[in-house]
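By convention here, the first residue in the shown sequence is residue 1.
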Amino acid sequence: MAMLARDELRKVFDITIVKPSEFVEYALGCLEQLADSGDHSARSVRDNLRVMVAGGDGTVGWVLGCLGELYVQNREPVPPVAVIPLGTGNDLSRSFGWGASFPFSWKAAAKRSLYKAILGPVSCLDSWHVVVSMPEEREEEQELNLPHSLRHLGECTFYDDGTAEGELPETILCFDGVFYNYFSIGMDAQVAYGFHQLRDEKPFLASGPLSNKLIYAGYTCKQGWFFTQCISDPELRGLTNIIRLSIKKMDSSEWEHIPVPSSVRAIVALNLHNYASGRNPWGTLKPEYLEKKGFVEAQSDDGLLEIFGLKQGWHASLVMVELISAKHIAQAAAIRLEIKGGQWRDAYMQMDGEPWKQPLSAEYSTFVDIKRVPYRSLIINGADR
């Protein structure tokens with residue numbers, strides 16, 4: 001992560017050593033103290049600061065989330081962010097003109113990227129707050145291993161405004177986070193979880209974008225997305241068996257129940273046009289179809305998420321090569337998922353490529369609430385002008 005001001009590189013931070021939250025608290029804090037004491041150079045640097053992040057979507061989202069705390073703390077202006085794409089999918093990078101990957105001739109490319117980061121126009125991006133409320137069960141609490149983009153909130157109160165169908169426990173544990181591109185639950189998150197587990201255990205196997213994608217393809221087949229095992233009950237493989245989906249539409253305060261198609265095995269709430277390494281599963285929809293379905297044209301700052309479903313692997317494959325669109329479910333300004341475990345012990349979820357295995361209770365429901373953050377994130381547009 002690099003800190004830029006005007007036409008010069010001020011400082012580079014290794015986020016494995018200096019976390020983005022520490023950068024916000026201490027590095028920016030020092031600049032602000034100097035500026036408040038009358039240092040005009042520090043004031044100029046702070047007011048014109050831009051941040052460049054080298055990493056994948058998860059890393060970029062991590063930095064954006066920490067910078068977003070500046071709004072809450074009334075420490076504006078908030079520095080906009082540029083991207084050097086070093087991840088596997090790099091969908092955030094693609095969406096704002098920073099490309100799908102970083103070239104091997106990295107010295108010249110780094111110089112061009114820094115130039116764009118300093119002079120590029122700033123675009124707005126909706127941020128989405130996720131809160132997961134789960135029943136407190138000691139054993140399951142120990143198994144829950146969250147990615148760094150999520151934080152434990154401890155015990156909390158769940159406010160049921162008439163949408164819950166299942167039983168609510170006396171004690172609820174909550175954790176939350178923010179995403180910028182997508183949240184998903186189901187088979188795609190399960191494949192991502194398997195890949196991340198392997199990468200952590202054997203990092204030498206996941207040495208670059210190409211090898212990563214090959215491993216992803218292998219996990220897709222291994223997890224049974226293409227072939228349903230003969231010994232399993234096909235009825236248990238659709239998310240409709242465990243999920244109740246409710247949404248709020250734009251300018252509405254009422255929850256609306258949306259049926260989940262029985263064939264859907266992954267549900268994705270998408271903010272950008274890019275998903276799974278630059279694919280556009282929502283598609284470019286014709287005006288007459290938008291009018292028929294009651295949809296509007298998707299934008300990254302329109303306050304809406306596009307909710308779609310992926311069926312078995314063959315359907316997902318055709319969607320990924322953009323021969324067909326995904327199963328359109330809804331557009332929503334807020335989402336509530338009620339997940340009823342039953343025979344399912346776990347559900348796999350992910351935010352911006354950061355997956356986790358969510359334990360489910362056979363007796364009580366788990367809830368996922370998604371709503372837009374009041375402020376928008378700022379990203380520098382790296383497209384050539």
Side-chain angles (χ1 to χ4, degrees), residues 1-13 20 23-24 27-28 31 35 43-71 75-87 89-103 106 108-128 178-182 270-275 278 280 282 284 296-306 352 372-385:
M1 182 173 67
M3 185 171 69
L4 312 172
R6 293 184 182 242
D7 59 348
E8 57 182 306
L9 179 64
R10 289 280 179 175
K11 185 69 175 174
V12 177
F13 298 89
F23 163 77
V24 169
L28 294 190
L31 274 176
R43 171 57 61 193
S44 177
V45 169
R46 176 64 183 89
D47 290 346
N48 294 283
L49 194 65
R50 294 185 171 203
V51 174
M52 172 163 272
V53 181
D57 289 345
T59 304
V60 177
W62 188 15
V63 174
L64 285 172
C66 293
L67 290 174
E69 290 297 312
L70 294 173
Y71 286 109
R75 293 168 60 190
E76 300 182 48
V78 175
V81 170
V83 184
I84 291 179
L86 300 181
N90 297 316
D91 291 308
L92 273 169
S93 173
R94 295 170 195 262
S95 299
F96 292 94
W98 292 101
S101 61
F102 206 59
W106 63 270
K111 200 170 184 179
R112 289 195 302 271
S113 295
L114 288 172
Y115 179 80
K116 291 179 181 180
I118 293 168
L119 299 178
V122 177
S123 301
C124 292
L125 170 67
D126 283 335
S127 310
W128 296 88
V178 176
F179 72 90
Y180 303 88
N181 189 9
Y182 67 90
L270 185 65
N271 188 38
L272 301 176
H273 294 291
N274 286 296
Y275 166 81
N280 182 12
W282 185 257
T284 303
V296 297
E297 186 176 353
Q299 303 291 338
S300 63
D301 59 351
D302 59 3
L304 291 171
L305 288 169
E306 284 67 53
D352 290 347
R372 189 173 70 84
V373 176
Y375 52 82
R376 289 184 171 90
S377 297
L378 302 178
I379 295 193
I380 302 164
N381 199 311
D384 293 325
R385 290 178 289 174

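Considering only residues two or more places apart in sequence or on other chains, A100 meets the side chain to side chain contact (heavy atoms under 4.5 Å, CB included) condition with R94. A search for side-chain hydrogen bond (donor to acceptor under 3.5 Å, both in side chains) contacts involving R112 returns nothing, not counting sequence neighbours. Taking N181 as the reference, nothing meets the side-chain hydrogen bond (donor to acceptor under 3.5 Å, both in side chains) condition, with sequence neighbours excluded. Annotation: side-chain hydrogen bond (donor to acceptor under 3.5 Å, both in side chains) contacts of N274 (sequence neighbours excluded): S95. Take R43 and apply the salt bridge (charged side-chain N to carboxylate O under 4.0 Å, His left out) test, not counting sequence neighbours, and it matches D36, D47. Contacts of S127 classified as side chain to side chain contact (heavy atoms under 4.5 Å, CB included), with partners at least two apart in sequence or in another chain: V178, Y180, V373, S377. Applying the side-chain hydrogen bond (donor to acceptor under 3.5 Å, both in side chains) criterion to W98, with sequence neighbours excluded, gives no partner residue.
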Solution key, residues 59-71 side-chain donor-acceptor pairs under 3.5 Å, sequence neighbours excluded:
unit_1: Y71; atom_1: OH; unit_2: R376; atom_2: O; d: 3.2

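Here the closest non-hydrogen pair linking E76 and R46 is C-NH2, 4.4 Å. In plain terms, the two heavy atoms of N90 and G56 that are nearest each other are OD1-CA, 3.9 Å. Counting all heavy atoms, side chain and backbone alike, I380 lies closest to A117 at CD1-O, 3.3 Å. In this structure, L378 and C124 approach most closely via the heavy-atom pair CD2-SG, 4.2 Å.
In this structure a side-chain-to-backbone donor-acceptor pair under 3.5 Å is missing from N48 to V45. H273 places a side-chain N or O within 3.5 Å of a backbone atom of A298 that can act as its donor or acceptor partner. No donor-acceptor pair closer than 3.5 Å links the side chain of D57 to the backbone N or O of D352. Here the side chain of N381 pairs no donor or acceptor atom with the backbone of V122 at under 3.5 angstrom.
Counting heavy atoms from C-beta outward, L272 and D91 have side chains that stay 4.5 Å or more apart. L49 has its side chain within reach of L28: a pair of non-hydrogen atoms, C-beta onward, lies under 4.5 Å apart. Between M52 and I84 the shortest side-chain heavy-atom distance falls below 4.5 Å. Annotation: side chain of D126 is not in contact with side chain of S300 (no heavy-atom distance under 4.5 Å). Side-chain contact between R50 and V81 is absent, with no heavy-atom pair separated by less than 4.5 Å. Inter-residue side-chain proximity for N271 and W128 is flagged as met; some heavy-atom pair is nearer than 4.5 Å.
Residue-environment remark: CD (E297) stays at or below the threshold of 12 foreign heavy atoms within 6.0 Å.
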Would you check, one step at a time, whether the test side-chain contact (heavy atoms from CB on, under 4.5 Å) holds for L304 with V296? CA-CA 9 Å; L304 291 171; V296 297; 3.5 Å; yes
Decide side-chain contact (heavy atoms from CB on, under 4.5 Å) for R75 and V24; before the verdict, give the C-alpha distance in whole Å, the side-chain angles of both, and the deciding distance to 0.1 Å. CA-CA 10 Å; R75 293 168 60 190; V24 169; 4.0 Å; yes
Going through the distances and angles, do L92 and L125 end up as a side-chain contact (heavy atoms from CB on, under 4.5 Å)? CA-CA 10 Å; L92 273 169; L125 170 67; 3.9 Å; yes
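The aromatic rings of Y182 and Y275 stand perpendicular to each other, their planes meeting at an angle above 60°, with 30° marking the opposite boundary.
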